[in-house]
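This report concerns only the one structure given below.
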Amino acid sequence: MPTRITISEAVRHEAETVEIAGWLYNIRKSGKIVFPLLRDGTGLMQCVAVKSALPEALFETIKNLTQESSIVVTGKIRADARAAGGFEMDVENLEVVQRVPESDPYPITPKEHGTEFLMDHRHLWLRSQRQHAIIRVRHAVIKAVRDYFDSHGFTLVDTPIFTPAACEGTTTLFEVNYFEDEKAYLTQSGQLYNEANAMAFGKVYCFGPTFRAEKSKTRRHLTEFWMVEPEMAYADLEEVKRVAEEMLLFITARVLETRREELKVLERDVAKLESVQSPFPRIGYDEAVKILQANGSEIQWGGDFGGTDETILTQQFDRPIMVDRFPSAIKAFYMAPDPDRPEVALGVDVLAPEGYGEIIGGGQRVHDPELLLRRIEEHQLPKEAFNWYLDLRKYGTVPHGGFGMGIERCVAWICGLEHIRETIAFPRMLYRLRP
RNA sequence: UCCUCAGUAGCUCAACGGUAGAGCAUUCGGCUGUUAACCGAAGGGUUGUAGGUUCGAAUCCUACCUGAGGAGCCA
């Protein structure tokens with residue numbers, strides 16, 4: 001029995017007869033020689049089947065294979081410049097596990113397709129080279145995020161997905177029935193729980209899915225997305241910014257190191273990622289507003305950035321930028337005010353370059369008990385629901401802060417994608433719940 | 001919720017008031033180095049749905065449905 005290998009391992013098996021199990025990606029025929037292109041999840045391998053070298057029945061079987069039929073191919077690996085991956089396999093035997101019938105052929109042909117068709121066939125679209133590359137970059141990004149925090153003194157403490165109270169206004173929360181009579185909501189952020197965890201462990205992070213029932217139908221919104229959120233005790237805004245920058249540098253370096261092939265498939269200009277170096281430009285909200293006004297935006301001091309504003313702003317720089325000290329009025333109740341300028345908050349947004357916009361939002365939290373209580377009242381939030389959160393300020397409160405990064409927005413930027421929907425295997429969006 | 005655009009063969013599109021067409025996919029035939037292979041042939045249609053205008057509607061009008069892009073919104 002020949003050794004079963006994956007296509008990614010073929011380099012180490014030159015001149016050996018091996019077995020590869022996979023699916024027929026495509027097939028090119030030229031009379032008495034055919035080139036089945038085999039896909040196995042680790043790569044693509046061009047096979048070569050020559051009529052004169054094979055039993056007639058086997059050659060006929062190979063010649064009549066249909067796209068995405070599952071097959072196990074045995075043959076000898078040979079280096080050949082004419083093959084896309086540098087290696088090809090001379091077919092000696094081929095077992096058909098299942099032949100896709102031509103009466104109902106595989107729908108995604110190697111030609112162009114529209115968004116609706118591809119999204120309806122997302123479960124099959126994932127087999128395409130481009131989607132495969134994106135998901136592998138996503139994996140590398142997530143691994144890098146975990147490696148960064150794990151090696152910098154952070155403890156992983158995941159926060160709940162069911163949350164009891166509507167803390168931030170119910171319009172963007174998904175409501176679910178929690179047994180009889182009780183309502184629960186799917187989490188929008190692990191942050192409040194993260195603050196409790198930080199007071200217990202010092203530096204923590206959580207990483208999981210978050211849910212927002214926003215009726216936003218744009219290229220940067222999902223209703224279910226993954227977010228990593230570090231939180232640090234005894235940390236101020238400057239420390240939050242330092243960690244955010246260091247983490248992003250770690251991620252981009254890792255992807256450039258381990259996912260060159262995938263970036264090539266995606267036709268990503270890697271020079272754009274290579275220019276992501278320290279230090280990231282740090283600009284204040286005031287300055288950002290001036291830049292925007294000088295570039296034709298109608299933004300006034302006090303307003304939040306629109307999508308166009310973020311695009312204008314990020315196009316001025318070749319690397320992510322950090323914008324801090326937004327007006328408190330447009331930020332969350334727990335955002336700490338600047339002691340020197342109480343009208344602005346010690347919050348920071350990190351905007352990715354090339355028009356990708358906000359990928360990180362965070363800052364320093366209110367740690368003064370009196371102020372926090374006043375903020376909860378001002379925002380007309382149900383105080384009882386925050387008793388446990390207020391406890392954190394009663395028992396050993398300290399300056400602290402953290403941030404949240406949306407994984408999909410980060411992956412979309414690193415891959416250079418038009419739309420966030422391709423960065424997750426099964427995107428959940430307004431008007432798109434299936435498959 | 002609002003604005004814009006689009007629904008024609010399995011897929012991507014053409015025809016823009018006068019006989020619904022091409023490429024890919026599928027089937028059949030050809031080809032011993034193909035790279036979204038190529039060459040020849042065949043089958044494949046209630047033009048999103050319902051009304052309306054017209055001698056005549058895929059094409060013009062109205063409503064609805066579906067999708068896409070965007071706005072608002074987005075701790």
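Just so it is clear, the values below take in all heavy atoms, side chains as well, and ignore hydrogens, waters and symmetry mates. Below, chain A is the first sequence line, B the second, and so on; all start at residue 1. Not measured: the values here are computed from a predicted model.
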Any protein N or O atoms within reach of nucleotides 41-45 of chain B? Criterion: under 3.5 Å, listing atom names and distances.
none

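The only option from A/V243, A/V398, A/V204 that meets the side chain to side chain contact (heavy atoms under 4.5 Å, CB included) definition with A/M232 turns out to be A/V243.
Nucleotide B/G18 has B/C55 as its partner under the Watson-Crick or G-U criteria, with both atom distances under 3.5 Å. With a 3.5 Å ceiling on both atom-pair distances, B/U34 lacks any Watson-Crick or G-U wobble partner. In this structure, B/G23 forms a base pair with B/C11, meeting either the Watson-Crick or the G-U wobble geometry with both donor-acceptor distances under 3.5 Å. Nucleotide B/A68 is matched to B/U4 when pairs are restricted to Watson-Crick or G-U wobble geometry with both distances under 3.5 angstrom. Pairing partner, B/A50: B/U62, with both Watson-Crick or wobble hydrogen-bond distances short of 3.5 Å. Using Watson-Crick or G-U wobble geometry with both donor-acceptor distances under 3.5 Å, B/G40 finds its partner in B/C28.
One N or O donor and one acceptor, one from the side chain of A/S216 and one from the base of B/C73, sit under 3.5 Å apart. Between the side chain of A/H113 and the base of B/C11, no donor-acceptor pair of N or O atoms lies under 3.5 Å. Donor-acceptor pairing under 3.5 Å, judged by distance alone, is present between the side chain of A/Q46 and the base of B/U34. Between the base of B/A36 and the side chain of A/R28 there is no donor-acceptor pair shorter than 3.5 Å. A donor and an acceptor atom sit less than 3.5 Å apart, one in the side chain of A/S52 and one in the base of B/U32.
Side-chain proximity of A/R220 to B/A75, B/U32, B/C74: nearest is B/C74. Listed candidates were B/G70, B/G33, B/U26. Nearest to the side chain of A/K217 is B/G70. Of all nucleotides listed (B/A71, B/U32, B/U34), B/A71 comes nearest to the side chain of A/T218.
Taking atom P on both nucleotides, B/A6 is separated from B/C16 by 16 Å, rounded to a whole Å. One P atom belongs to B/U54, the other to B/A41, and the distance between them is 45 Å to the nearest Å. Of the C1' atoms belonging to B/U53 and B/C60, the separation is 8 Å, rounded to the nearest Å. The separation of B/A22 from B/C64, taken at their C1' atoms, amounts to 32 Å, rounded to a whole angstrom. Spacing of P atoms, B/U1 relative to B/C38, comes out at 47 Å, to the nearest Å. Rounded to the nearest Å, the gap between the P atom of B/A58 and that of B/A71 is 37 Å. Distance check on atom P: B/U47 versus B/A9 gives 10 Å, rounded to whole Å. Comparing the C1' positions of B/G21 and B/U34 gives an interatomic distance of 30 Å, to the nearest angstrom.
Of the residues in residues 360-380 of chain A, not one places a heavy atom less than 4.0 Å from an atom of RNA chain B. Within residues 283-302 of chain A, no residue has any heavy atom closer than 4.0 Å to RNA chain B.
Other residues, nucleotides and ligands place no more than 12 heavy atoms under 6.0 Å from the NZ atom of A/K76. Counting non-hydrogen atoms of other residues, nucleotides and ligands closer than 6.0 Å to OH of A/Y234 gives a total of 12 or fewer. Under a cut-off of 6.0 angstrom, the local environment of CD in A/E378 is crowded, with over 12 non-hydrogen atoms contributed by other residues, nucleotides or ligands. Annotation for A/Q316: atom CD counts as buried by contact number, over 12 foreign heavy atoms lying within 6.0 Å.
No side-chain heavy atom of A/P107 sits less than 4.5 Å from a side-chain heavy atom of A/H113.
In the model, A/R28 has a side-chain atom that pairs as donor or acceptor with a side-chain atom of A/Q46 under 3.5 Å.
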Open item on the list: Determine whether A/R365 and A/R393 satisfy the following criterion, side-chain contact (heavy atoms from CB on, under 4.5 Å), listing intermediate values before the conclusion.
Closed with: CA-CA 11 Å; A/R365 323 303 186 186; A/R393 275 68 177 174; 4.0 Å; yes
